[in-house]
Amino acid sequence: LSTDKTVKVLNILEKNIQDGAKLSTLLNHNNDTEDEERLWRDLIMERVTKSADACLTAINIMTSPNMPKAVYIEDVIERVIQYTKFHLQNTLYPQYDPVYRVDPHGGGVLSSKAKRAKCSTHKQRVIVMLYNKVCDIVSSLSELLEIQLLTDTTILQVSSMGITPFFVENVSELQLCAIKLVTAVSNF
């Protein structure tokens, strides 16, 4: 592909990333029936998964060998980081570590040990798939840091994204990817 076509593809991918960048997967509509809530959740998860695929595609293009400088579009990189941070904080951490869950009923405050004791370890297949894709994105971002010089603001976003997983339980694969990311940031 020519550089112009590659840049156009990346701009289209950015729009797809933006589509699922701020969608919350933790729905709780009290007036919806169980079927309606499941349909909404399926629709949202489909868009979130599509955005994760767009993130991976964009990062894979940028980390491919011998890419021209025009391919490293700052807006696309920032959108990938924004998507990843949002879904780590709002989708994955609450699913894997109950300390990060917000009680929708506003119940009493439980200690972190009490929350973890009440936690179920069963995860939906789509959440596990999203978790694996986010791990790939974090790992690929570390490769991108070794290739392309990024702005200070972007480096701050990436470093906070790389440090946070060490305070979350049950995300060991993500922690391994975060080690790689933090190492790449420190070599920056």
Side-chain angles (χ1 to χ4, degrees), residues 3 6-7 9-11 13-14 16-18 20-23 25 48-101 112 115-116 119 121 123 125-188:
T3 302
T6 306
V7 168
V9 167
L10 286 169
N11 287 324
L13 288 170
E14 180 191 0
N16 282 292
I17 295 166
Q18 188 174 8
K22 295 283 185 182
L23 287 177
T25 59
V48 167
T49 303
K50 176 190 65 145
S51 294
D53 290 335
C55 286
L56 279 170
T57 305
I59 292 290
N60 284 332
I61 289 171
M62 289 186 222
T63 57
S64 295
N66 304 322
M67 279 289 134
K69 288 286 182 191
V71 168
Y72 303 110
I73 304 170
E74 191 174 323
D75 290 342
V76 176
I77 296 168
E78 287 179 7
R79 190 75 65 200
V80 168
I81 293 167
Q82 175 189 19
Y83 171 89
T84 307
K85 282 187 75 170
F86 180 84
H87 285 290
L88 281 171
Q89 294 285 332
N90 298 294
T91 304
L92 297 175
Y93 293 162
Q95 287 290 327
Y96 282 85
D97 191 346
V99 171
Y100 288 85
R101 290 187 190 149
S112 60
K115 281 186 176 181
R116 286 188 177 123
C119 176
T121 57
K123 305 284 179 284
R125 189 176 63 87
V126 69
I127 294 294
V128 173
M129 210 169 56
L130 180 64
Y131 174 75
N132 291 328
K133 288 179 184 193
V134 168
C135 286
D136 290 343
I137 293 168
V138 171
S139 184
S140 296
L141 280 171
S142 63
E143 291 175 33
L144 183 63
L145 283 175
E146 294 170 5
I147 297 170
Q148 178 62 23
L149 196 63
L150 301 176
T151 64
D152 290 344
T153 329
T154 306
I155 291 298
L156 285 172
Q157 295 289 331
V158 169
S159 61
S160 73
M161 183 173 49
I163 292 170
T164 308
F166 297 108
F167 300 102
V168 181
E169 291 200 12
N170 304 317
V171 290
S172 55
E173 296 88 359
L174 181 62
Q175 289 171 343
L176 288 173
C177 296
I179 287 173
K180 189 176 173 184
L181 184 63
V182 170
T183 304
V185 168
S186 67
N187 292 336
F188 198 68

Of all the heavy-atom pairs spanning [X] and [Y], show the shortest one and how long it is.
| X | Y | answer |
| --- | --- | --- |
| I137 | C55 | CD1-CB, 3.5 Å |
| A184 | S142 | CB-O, 3.7 Å |
| T3 | P68 | OG1-CG, 3.4 Å |
| A21 | H87 | O-NE2, 4.0 Å |
| V76 | A58 | CG1-CB, 3.9 Å |
| V48 | G20 | CG2-O, 4.2 Å |

query = What do the steps show when you test L145 against I155 for side chain to side chain contact (heavy atoms under 4.5 Å, CB included), and what is the final call?
reply = CA-CA 9 Å; L145 283 175; I155 291 298; 3.5 Å; yes
With side chains defined as the heavy atoms from C-beta onward, is the minimum distance between [X] and [Y] less than 4.5 Å?
| X | Y | answer |
| --- | --- | --- |
| I77 | L150 | yes |
| V158 | V185 | yes |
| T183 | I179 | yes |
| Y131 | V171 | yes |
| K133 | T49 | yes |
| I127 | Y96 | yes |
| I147 | Y72 | yes |
| Y93 | N170 | no |

Measure the spacing between [atom1] of [X] and [atom2] of [Y] and express it to the nearest 0.5 Å.
| X | Y | atom1 | atom2 | value |
| --- | --- | --- | --- | --- |
| E14 | N16 | CD | CG | 10.5 Å |
| I61 | I73 | CD1 | CD1 | 9.5 Å |
| I163 | F166 | CD1 | CZ | 8.5 Å |
| T84 | L181 | OG1 | CG | 10.0 Å |
| T151 | Q157 | OG1 | CD | 9.0 Å |
| L144 | M67 | CG | CE | 12.0 Å |

query = Would M161 and L141 count as a side chain to side chain contact (heavy atoms under 4.5 Å, CB included) if you check the C-alpha gap in whole Å, the side-chain angles of each, and the deciding distance to 0.1 Å?
reply = CA-CA 11 Å; M161 183 173 49; L141 280 171; 3.4 Å; yes
Under a 3.5 Å distance rule, please check whether [X] uses its side chain to pair with a backbone N or O of [Y] as donor and acceptor.
| X | Y | value |
| --- | --- | --- |
| Q175 | V168 | yes |
| T57 | D53 | yes |
| T91 | L88 | no |

task = Apply side chain to side chain contact (heavy atoms under 4.5 Å, CB included) to E143 and M62, showing your working.
result = CA-CA 9 Å; E143 291 175 33; M62 289 186 222; over 6 Å; no
key: N187, CG atom: more than 12 neighbouring heavy atoms under 6.0 Å   = yes
message = Within the 3.5 Å criterion, strictly below it, is a donor on S160 or K85 matched to an acceptor on the partner's side chain?
response = yes
